[in-house]
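We count residues from 1, following the sequence as given. All of these numbers come straight from a predicted model, not from anything done at the bench.
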Amino acid sequence: MRREQRNTVIRNRVALFLSAVFQPPVTVAVLLLLSPVVEPGFPGTAWFGALAVLFVCVLPFAAVLLLVRLGKITDHHVSDRRQRAPVTAMALLSLLAGLGLLTVVNAPASVIVTVLAIVGSVVVLGVISVFWKISGHAGAVALSTAIAVLMLGAPWIPLMLLIPAVCWSRVVLRAHTAAQVVMGALVGGGVAAGLWLLLREAMIRAG
């Protein structure tokens, strides 16, 4: 194999690895598991983060895998833009159900705020994806790292290096254009971070 071909194979394998390891359900799940850390009572409150993961990540992803198995959608990344609207709607229903349950069981404010920020980001990305194939991978990794830094502080800023790495992987795999990953990161991260800051401040003032 020539050097150029070998480099291409290696590049594609690295891109596949990054795309798989840092896919939306994974990055968002890690964020939600971290969300109770900043509240009093941790690690006793860790189960609230796990409950959020169930409704925000596990149930929607399981439903997507079922739809793939039934032949209703093409793949678990929902690569066909036309199939994204119903999948997004399904995910939102699960998120809202989880949010309702978390409120009933008096989940810590950080968990509630994080789920609300994710809901806002999913809505905006979902609406855009109906018309344009904006990158969900980029949006998810951007919102997850941005909120993690806001919660945990400046020492966690290096986490944001994951954003260009995941964006690069999606372009290399030809899943998205450069514009689609850049906008995914800006919109996903920007909406979620803005909502998180506003909601966190509102909850602090309320009480």
Answer yes or no: is there a side-chain heavy-atom contact under 4.5 Å between [X] and [Y]?
X: Trp196; Y: Glu201; result: no
X: Cys57; Y: Leu32; result: yes
X: Leu95; Y: Phe55; result: no
X: Arg11; Y: Asn7; result: no
X: Ser110; Y: Arg200; result: yes
X: Phe61; Y: Gln23; result: yes
X: Trp156; Y: Met151; result: no
X: Leu31; Y: Ser35; result: no

Does the side-chain contact (heavy atoms from CB on, under 4.5 Å) test come out yes or no for Thr103 and Ile112, once each step is laid out?
-> CA-CA 7 Å; Thr103 302; Ile112 298 292; 3.9 Å; yes
Identify whether [X] and [Y] are in the same connected component of the hydrophobic contact network (ILVMFWY, side-chain heavy atoms under 4.5 Å).
X: Leu51; Y: Val111; result: yes
X: Leu34; Y: Met160; result: yes
X: Val56; Y: Leu93; result: no
X: Leu162; Y: Trp168; result: yes

Would you mind writing out the side-chain donor-acceptor pairs for residues 141-150 within the sub-3.5 Å range, not counting sequence neighbours?
residue : atom : partner : partner atom : Å
Ser144  : OG   : Thr27   : O            : 3.3
Ser144  : OG   : Ala140  : O            : 2.8
Thr145  : OG1  : Val141  : O            : 2.8
Thr145  : OG1  : Ala142  : O            : 3.3

Indicate every side-chain donor-acceptor pair of residues 170-180 with a distance under 3.5 Å to a residue at least two apart or in another chain.
residue : atom : partner : partner atom : Å
Arg170  : NH1  : Ser19   : OG           : 2.5
His176  : ND1  : Lys133  : O            : 3.0
His176  : ND1  : Gln180  : OE1          : 3.4
Thr177  : OG1  : Gln180  : N            : 3.2
Gln180  : OE1  : Thr177  : N            : 2.9

